[in-house]
Amino acid sequence: MFQLHYPALKPLTTAHLAQTMSLLSLTAGELRQQIEQELAANPALELLEERRCPTCRRLLQGKSVCPVCSRPKDENSAEPVVFISPRDVFVGSGGGGLEASDEPEDAYAAGVEELSQYVFRQIAPDLKPEDRPLAAHLLTSLDEDGLLATPLLELARYLHVSVGRLQAVQRLIQLADPVGVGSSSVEEALLVQLEVLKEKCAVPPLAERVIEEGMALLSRRQYDELARVLGAPVQQVKAAARFIGENLNPYPARSAWGETRPSRPRASEVYYQPDMIISRLNDYPDGPLMVEIILPIFGTLRVNPLYKQAIQESDAEHKDALRGDLERAALFVKCIQQRNHTILRLMQRVVALQRDFILHGEQYLRPITRASLARELEVHESTISRAVANKAVQLPNGKIIPLSSFFDRSLNVRAVLREIIHAEARPMSDAELVGKLAERGYHVARRTVAKYRAMEGILPSGLRQPDF
DNA sequence: CTATGGCACGGATT
DNA sequence: AATCCGTGCCATAG
């Protein structure tokens, strides 16, 4: 068989290779399950409770983030700081910091449960520890539309906290994605969305008042009456109404933005929990980025030294069985190390390459293929594939996106397309859009523009805005 | 006649 | 080897 004691980093056996590969494609949550399972099955494996930074091996005193690794070596370095950090991980629908309902009865309940975790994960960093239970309580009280059915006042009395404190927590939740979630009413949700949107683009001046004062009339589409009540021209009211209809979502949990009726749960996969977190160090805009790779267990995983010792002392009959465990444990630990190492290198390179995308948005995404990265890092393509698969990263702006987005060949073109359409004075046909894109250096076929439009949920030119 | 969406094919990517 | 993606052709709607 193979020997036990070697500090080498490269895989030396086929078993090692196979296991590393399978571990590589796992989510942080799945990895945790895997580790727990192995820990339970194999007595030779041990979890040392003391918390050491897996990257630099220094002791972590109570902190979940390594104080040494997170400190920048050089403030102006373009290279990102990457380190591995143990963190709370929610596994499936149970366990973790959020008390979860047992088996979800139906798909809908499961959706709600996932949403609450998704939101919780986003706001957790901004939450004071003593407010955590409050947030958890609010989030579990959401109805299937993502709204809070119980009045805040009642909840405050039940939880024995001031309404003001609860409001602060609610506010945090509302600003998380999907924006408006956790609001006490449809109006409130819409207003929050409006507020957020205002920072990014122009909003019809009347929109706010329409929501505040004329929700009932708005939903019945009685624009004339609405205009009379508000004392404003019908034309403006209609414009505001259309804006609301197109850009706001009264039911935050139904995340199908844009289209209203058929609640399409946004085609591809939706991730709720990041496996890596990218944030900017300090607030220094040109400073290095910090990448935190989530290690789903606290403490250090290692082969139990007592077990090694026990082998020496046991008789020949049991030795083989014990040795088997020992080998498996050593292998397992090594695979985990290998996994960390690979992901670390991957992220280091990816973040350096896609820095602009991470900081400034989708337009700046550079089309990178997994294959090209594999060549740079001198690993097999499939290694990158697995490392990228099933993972989500949280960007500095709080958005959680699949890691595979970093390798999306068309994301940047789609972003530019959105931008062009958003800025257009008059609806342009797909053919015209081809021209506009070409001006900016993106050469795509007419048919492809149509596809991108559909992906972004943008209506065809005829239906976009006939007037204006 | 023009603008779009459906189907399907070929090449790249995984 | 399987899958995804961009594109061309053609039917259809306006």
Side-chain angles (χ1 to χ4, degrees), chain A residues 11 17-27 30 246 256 258-262 264-271 275-276 338-339 342-343 345-347 349-350 353-354 357 362-363 365-393 401-422 424-468:
Chain A
L17 194 74
Q19 197 171 4
T20 307
M21 282 304 192
S22 66
L23 287 178
L24 202 51
S25 57
L26 296 181
T27 308
E30 291 166 338
E246 281 174 8
E259 63 268 76
T260 21
R261 290 309 159 277
R264 182 176 57 101
R266 195 87 205 237
S268 51
E269 324 110 82
V270 180
Y271 291 93
D275 299 284
M276 305 108 181
Q338 182 84 39
R339 177 185 189 271
T342 307
I343 295 182
R345 289 219 306 152
L346 171 78
M347 289 309 288
R349 194 69 196 121
V350 166
L353 284 171
Q354 302 287 18
F357 162 63
E362 297 180 347
Q363 301 94 299
L365 182 88
R366 292 168 63 180
I368 301 289
T369 66
R370 294 164 172 77
S372 67
L373 209 72
R375 246 176 288 122
E376 280 189 42
L377 297 182
E378 296 175 313
V379 294
H380 196 279
E381 296 180 3
S382 69
T383 308
I384 303 287
S385 273
R386 290 170 195 274
V388 168
N390 306 319
K391 309 251 181 350
V393 302
I401 60 168
L403 183 57
S404 54
S405 300
F406 285 81
F407 300 88
D408 190 317
R409 270 171 301 161
S410 64
L411 203 61
N412 52 354
V413 190
R414 296 208 304 267
V416 173
L417 182 69
R418 272 206 307 270
E419 201 179 297
I420 291 174
I421 293 181
H422 197 79
E424 75 187 357
R426 160 188 62 85
M428 297 166 79
S429 72
D430 288 350
E432 288 173 294
L433 290 170
V434 170
K436 282 284 176 193
L437 282 172
E439 280 175 27
R440 299 175 63 157
Y442 299 98
H443 299 278
V444 285
R446 190 230 95 220
R447 187 65 191 77
T448 310
V449 172
K451 284 247 159 125
Y452 288 170
R453 236 184 350 85
M455 279 190 211
E456 299 297 329
I458 300 171
L459 293 169
S461 67
L463 297 170
R464 235 174 287 151
Q465 314 169 5
D467 55 61
F468 214 103

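The sequence lines fix the lettering, A, B, ..., with proteins before strands; numbering per chain opens at 1. Atoms considered below: every heavy atom in the structure, side chains included; atoms not considered: hydrogens, waters and symmetry mates.
- A:M455 places its CE atom 14 Å from the C1' atom of B:dG5, with the value rounded to the nearest Å.
- The distance from atom CG of A:L433 to atom P of B:dA3 is 11 Å, rounded to the nearest whole Å.
- Taking atom CG on A:L459 and atom P on C:dA13, their separation rounds to 19 Å, with Å as the unit.
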Quick test: give all pairs of protein nitrogen or oxygen and nucleotides 10-14 of chain B nitrogen or oxygen below 3.5 Å, distance rounded to 0.1 Å.
| unit_1 | atom_1 | unit_2 | atom_2 | d |
| --- | --- | --- | --- | --- |
| B:dT14 | OP1 | A:R370 | NH1 | 2.8 |
| B:dT14 | OP2 | A:R370 | N | 3.4 |
| B:dT14 | O3' | A:S385 | OG | 3.2 |

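- Proximity of A:T448 to A:V434: side-chain heavy atoms (C-beta onward) are nowhere separated by under 4.5 Å.
- A:Q363 pairs with exactly one of A:R418, A:E419, A:R414 by the side-chain contact (heavy atoms from CB on, under 4.5 Å) rule, that one being A:E419.
- Across all strands, A:S382 comes closer than 4.0 Å to no nucleic acid atom at all (heavy-atom distances).
- Distances shown here put a side-chain N or O of A:S461 below 4.0 Å from the OP1 or OP2 atom of B:dT4.
- Across A:S405 and A:L411, no two heavy atoms sit closer than the pair O-CD2, 4.2 Å.
- A donor-acceptor pair is defined here as one N or O able to donate and one able to accept, closer than 3.5 Å; such a pair exists between the side chain of A:Q354 and the backbone of A:F406.
- A:T342 has its side chain out of reach of A:V379: every pair of non-hydrogen atoms, C-beta onward, lies at least 4.5 Å apart.
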I'd like a table of atom pairs between the protein and nucleotides 7-9 of chain C - only N or O on both sides, under 3.5 Å - with the distance next to each one.
| unit_1 | atom_1 | unit_2 | atom_2 | d |
| --- | --- | --- | --- | --- |
| C:dT7 | OP2 | A:A445 | N | 3.0 |
| C:dT7 | OP2 | A:T448 | OG1 | 2.4 |
| C:dT7 | O4 | A:K451 | NZ | 3.1 |

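- A distance-only check finds no donor-acceptor pair linking the side chain of A:S461 to the backbone of A:P427 [under 3.5 Å].
- A:Y452 places none of its side-chain heavy atoms less than 4.5 Å from the side chain of A:L433.
- When rounded to the nearest whole Å, the span between CZ of A:R453 and P of B:dG6 equals 11 Å.
- Looking only at distances, a side-chain donor or acceptor of A:D275 sits under 3.5 Å from a matching main-chain atom of A:A392.
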